[in-house]
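Structure first, then comments.
Remember, predicted model here, so these are calculated numbers, not experimental data. Values below: every heavy atom of this structure, side chains too, minus hydrogens, waters and symmetry copies.
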Amino acid sequence: MDSSPDTTPATTTAAPDAPSAPAAPAASTAPAAPDQLAPGIWRVPFPVGHVYLVRLPDGGFAAVDTGVPGSAPAILDALAAVGGRPDALRQIVITHFHIDHMGSAADLVAATGARVLAGAADAPYISGAATEPPPLPTPKERALYEQVLAGLAEAGTPPLRHVRVDTELRDGDPLDGWPEPARVLHVPGHTPGSIVLHLPASGVLFTGDTMGLGPDGRLVLGPFNVDRERAVASFRRLAALPGVDILCVSHGEPIRTGAARALQEATPETDWL
């Protein structure tokens, strides 16, 4: 298998995200049990950055994102709970380079041999070949950003390890081996190479941090963007997708049905100002 992680600890800590909390949640590697959202799709809930597992037709699994560093044992426990051995993890799809999304990818690759897929424009940051661009938070986001960083440090989050990207994904690419057609959409703004995964047949959208759910249940723009204007445009592109019913967000509760209405009612232009 052509996949070898870079095991050198990173010298930077890619920006975390927490659109669903007014203050920093405590990082943890002990999530609740996997939560089934649709046939063959489970959420592994973490205090910072949920992980999703998707059962593949060959009996294997794909993971969408990997949580903060140190989350791999809990993810493997969740995989076992839904019927998968470690070597059943075939794919790890990273929606963007932030620490709560790529944080445990290197450990999972080492434990399972899974291949890593990510947006082409974020691949250099995930592999460590380039320095991550910092977010440009609004004044309202800045205090939250500092709280989240402090929470991760207080929790003793292990250093970030970069990992090689085996497959660079671009807008419109299909995902091979999934149980139904799954399309990659490039949604820049949160990071240069942020991606989401759209499953039109079942109405499922894995959103990364283009959006999240606030504590009041409202769908909001993800904070900590490198380009807020492009992030809003990406949000609007997703809101125009037909037939979206389930939103697999990374922060806050997923929307289990009726996501199209939440997307139509969202006002990302005014969020976090």
Side-chain angles (χ1 to χ4, degrees), residues 3 34-44 49-67 75 78-79 82-84 88-97 101-102 105 108-109 112-123 126 163 165-191 193-212 222 234-235 237-251 254-260 262-263:
S3 178
D35 174 20
Q36 188 164 19
L37 301 181
I41 298 176
W42 295 265
R43 176 182 62 144
V44 185
H50 307 319
V51 174
Y52 289 90
L53 297 175
V54 179
R55 189 191 302 276
L56 305 178
D58 67 357
F61 288 82
V64 181
D65 290 325
T66 68
I75 295 168
L79 182 65
V82 300
L89 188 63
R90 310 271 197 260
Q91 300 178 13
I92 298 169
V93 183
I94 300 174
T95 61
H96 61 287
F97 68 74
H101 294 260
M102 66 165 285
L108 286 173
V109 169
T112 69
R115 296 180 63 79
V116 175
L117 301 81
D122 268 17
I126 293 169
V163 66
V165 175
D166 298 296
T167 302
E168 296 185 2
L169 300 171
R170 292 171 173 80
D171 193 67
D173 282 351
L175 289 179
D176 294 333
W178 276 49
E180 64 177 88
R183 188 163 63 107
V184 174
L185 300 178
H186 177 217
V187 285
H190 187 64
T191 66
S194 287
I195 59 169
V196 303
L197 308 179
H198 183 211
L199 282 61
S202 58
V204 173
L205 185 67
F206 295 90
T207 70
D209 281 334
T210 304
M211 58 188 68
S234 290
F235 188 114
R237 179 189 181 191
L238 300 181
L241 292 173
V244 176
D245 191 48
I246 300 172
L247 286 184
C248 298
V249 298
S250 297
H251 302 277
I255 295 181
R256 299 167 186 270
T257 188
L263 286 164

*Say you draw a straight line from CG of Leu37 to OG of Ser202; how long is it, rounded to the nearest 0.5 Å?*
11.0 Å

*Would you find a donor on one side and an acceptor on the other, under 3.5 Å apart, between the side chain of Asp245 and the backbone of Gly258?*
yes

*For Arg55 and Val82, indicate whether the former's side chain and the latter's backbone hold a donor-acceptor pair under 3.5 Å.*
yes

*Taking the side chain as every heavy atom from C-beta outward, state whether Arg90 and Asp58 have any pair of such atoms under 4.5 Å apart.*
yes

*Between His251 and Asp209, do the side chains contain an N or O donor and an N or O acceptor separated by less than 3.5 Å?*
yes

*Do any N or O atoms from the side chain of Glu168 and from the backbone of Ala123 form a donor-acceptor pair under 3.5 angstrom?*
no

*Determine whether the side chains of His186 and Asp171 contain a donor N or O and an acceptor N or O closer than 3.5 Å.*
no

*Determine yes or no for a side-chain-to-main-chain donor-acceptor pair under 3.5 angstrom, with Ser250 supplying the side chain and His50 the backbone.*
no

*asked:* I'd like to check Val165 versus Asp122 (side-chain heavy atoms, cut-off strictly below 4.5 Å). Are they in contact?
replied: no

*Kindly indicate, with the supporting measurements, whether the criterion side-chain contact (heavy atoms from CB on, under 4.5 Å) is fulfilled by Val184 and Arg170.*
CA-CA 7 Å; Val184 174; Arg170 292 171 173 80; over 6 Å; no

*Whether His96 and His190 hold their rings parallel, tilted or perpendicular, with breakpoints at 30° and 60°*: perpendicular

*What distance separates Asp166 CG from Gln91 CD, expressed to the nearest 0.5 Å?*
10.5 Å

*Qualifying residue for side-chain contact (heavy atoms from CB on, under 4.5 Å) with Leu108, from Val116, Thr66, Val51*: Thr66

_Can you list everything that forms a side-chain contact (heavy atoms from CB on, under 4.5 Å) with Ala121? Sequence neighbours excluded, please._
Pro192

*To the nearest 0.5 angstrom, please state how far the CD1 atom of Ile246 sits from the OG1 atom of Thr257.*
7.0 Å

_Pro179: which residues meet the side-chain contact (heavy atoms from CB on, under 4.5 Å) condition with it, sequence neighbours left out?_
Val54, Leu56, Pro57

*About how many Å separate CD1 of Ile94 and NE2 of His101, when rounded to the nearest 0.5 Å?*
10.5 Å

*Taking all atoms of both residues into account, what is the closest heavy-atom pair of Thr207 and Val249, and its distance?*
OG1-CA, 3.4 Å

*Residue of the set Val196, Thr95, Leu199 for which side-chain contact (heavy atoms from CB on, under 4.5 Å) holds with Phe206*: Leu199

